[in-house]
Each structure stands twice: as C-alpha cells, then as structure tokens.
Amino acid sequence: MAMYEWIKAFHVMAVIAWMASMLYLPRLMVYHAEAQTGSIQSETFKIMERRLLKGIMTPSMIVTWILGLYLAWSAFGFKGGWLHGKILLVFILSGIHGYLAGRVRAFAEDRNLKSARFYRIINEVPAVLMALIVILVIVKPF
C-alpha cells in the first residue's frame, strides 16, 4: 500500500509538470508567431520551445502514462466508466501533445503558417481536457 501511495504521488507530480508544459508551450507559440522570422527573438523562442518539449513536456508525459497505467491496473483493474473516460481524454491530450510537437518542428524549420490567434485558441484545449479529467477522477460520475 505504501508503494501505491508513492507511485500516485509521482504520477500527480508528472501530471502537474506535463500540464504546466501543455499550457505554456502554446503561449510561447503565440509570441513566436508574432515574431519576425529569423529575428533573435524568433531564434530564442525556438530554443525555449525545443527545451520545454524535450526536457520537460515529453518526459513528464511518458512518466504520467507509465505510472497512470500502473495505478489503473493495480487499483482498479482497468474497470470503471470514469476510468475509461479519463483514459480516452488522456489519449486526446496525448494527441494534442503530438500536434504541438509537430508545431515546434514547423517553427524550428521556419515554416509556421498558423496565426497567433490560432495558438491562443489551441492554448485552451489542454485546460478544458484537464478540467474534465480532474472531474472524472475526483467525482467519478459513472
């Protein structure tokens, strides 16, 4: 039981790091989309985006998935409608993660075609998914 609590604690820490990154990266992209291509500012955003993605966002997503799947199996046997809903939403969140990774590559290659407004809208998607996931985990409505 003590090991379960440690794993849950590290899972929550990984989720916090992942979500912080998922909320910050699109905000960086808002400002990057407004920067002149080739400018010092644009080049700085490229470094920030790459480091955030590779140093924090992707590793924390991987840890979130590994520990989360262990917890779902060990504590719930992968049973429960709320758990299935949560896993579906985390799959969608992971898809958004992949999409943002593709946008980092596009910025790195100076081929971004999206506007700052687009990134402002995309920035809200992880927040909505996070809210729904937290409701499912805490309230367990079904």
Separation of Arg103 CZ from Asn112 CG (nearest 0.5 Å)
5.0 Å
Looking at Ile40, I'd like to know if its CD1 atom is crowded, meaning that more than 12 non-hydrogen atoms belonging to other residues, nucleotides or ligands lie closer than 6.0 Å.
no
Do Ile135 and Leu71 share a hydrophobic cluster, counting only Ile, Leu, Val, Met, Phe, Trp and Tyr and linking them when any side-chain heavy atoms are less than 4.5 Å apart?
no
Is it the case that Ser42 and His32 place a side-chain donor and acceptor less than 3.5 Å from each other?
yes
Below 4.0 angstrom, N of the basic side chain to O of the carboxylate: do Glu43 and Lys46 qualify?
yes
Please tell me whether Val139 and Val90 are part of a single hydrophobic cluster in this structure, the criterion being side-chain heavy atoms less than 4.5 Å apart.
no
Which distance, rounded to the nearest 0.5 Å, do you find between the OG of Ser74 and the NZ of Lys8?
10.0 Å
Once you round to the nearest 0.5 Å, how far does CE of Met57 lie from CG of Leu23?
10.0 Å
Using 0.5 Å steps for rounding, measure from the CD1 atom of Ile16 to the OG1 atom of Thr64.
9.5 Å
Does the side chain of Leu100 come within less than 4.5 Å of Met29's, by heavy atoms?
yes
So how far is it from Leu136 CG to Ile87 CD1, rounded to the nearest 0.5 Å?
11.0 Å
Pairwise side-chain contact, Trp82 with Val137, heavy-atom cut-off 4.5 Å (strictly under)
yes
Shared ILVMFWY cluster between Tyr24 and Ile121, side chains joined below 4.5 angstrom?
no
Flag the pair Phe107 / Leu28 as yes when at least one side-chain heavy-atom distance between them is below 4.5 Å, and no otherwise.
no
Do Arg120 and Arg27 come within less than 4.5 Å of each other through their side chains, counting heavy atoms only?
yes
With a 4.5 Å limit on heavy-atom distance, are the side chains of Leu69 and Phe78 in contact?
yes
Assess, by modelled atom type and distance only, whether the side chains of His97 and Ser21 contain a donor and an acceptor separated by less than 3.5 Å.
no
Could you walk me through whether Met48 and Tyr31 satisfy the side-chain contact (heavy atoms from CB on, under 4.5 Å) test, starting with their C-alpha distance in whole Å, then the side-chain angles of each, then the deciding distance to 0.1 Å, before giving a yes or no?
CA-CA 12 Å; Met48 294 170 69; Tyr31 301 127; over 6 Å; no
Could you verify whether a donor N or O on one side chain and an acceptor N or O on the other, from Trp65 and Ser94, lie under 3.5 Å apart?
yes
Counting neighbours of NZ on Lys140 that are heavy atoms of other residues, nucleotides or ligands and sit closer than 6.0 Å, is the number greater than 12?
yes
Quick check: are there more than 12 heavy atoms from other residues, nucleotides or ligands sitting under 6.0 Å from OH of Tyr99?
yes
What distance separates Ile62 CD1 from Trp18 CH2, expressed to the nearest 0.5 Å?
10.5 Å
Tell me whether the count of non-hydrogen atoms from other residues, nucleotides or ligands lying under 6.0 Å of CZ in Phe142 goes above 12.
yes
Just so I know, are the side chains of Tyr119 and Glu34 near enough to count as touching, which here means a heavy-atom distance under 4.5 Å?
no
Take Tyr4 and Tyr70, measure what ring pair (Phe, Tyr, Trp, His ring centres under 6.0 Å) needs, and give me the verdict at the end.
CA-CA 9 Å; Tyr4 172 82; Tyr70 174 80; 7.7 Å; no
On the ring face of Phe76, is Lys79 found with NZ or CZ under 6.0 Å from the centre and within 45° of the axis?
no
Ala14 versus Ser60, closest heavy-atom pair with distance
O-CB, 3.6 Å
Indicate yes or no: at least one non-hydrogen side-chain atom of Gln36 is less than 4.5 angstrom from one of Gln41.
no
Contact summary for Ser115 and Ala33, nearest pair of heavy atoms:
C-CB, 4.1 Å
Please answer: with hydrophobic residues joined when any side-chain heavy atoms are less than 4.5 Å apart, are Val12 and Met3 in the same cluster?
no
In a check of side chain to side chain contact (heavy atoms under 4.5 Å, CB included) between Met22 and each of Leu93, Val125, Asn123, Leu129, which one passes?
Leu93
Following the transitive rule for hydrophobic clusters with a side-chain heavy-atom cut-off under 4.5 Å over Ile, Leu, Val, Met, Phe, Trp and Tyr, establish whether Leu25 and Leu113 coincide in one cluster.
no
So with a 6.0 Å cut-off around CZ of Phe118, is the heavy-atom count from everything else above 12?
yes
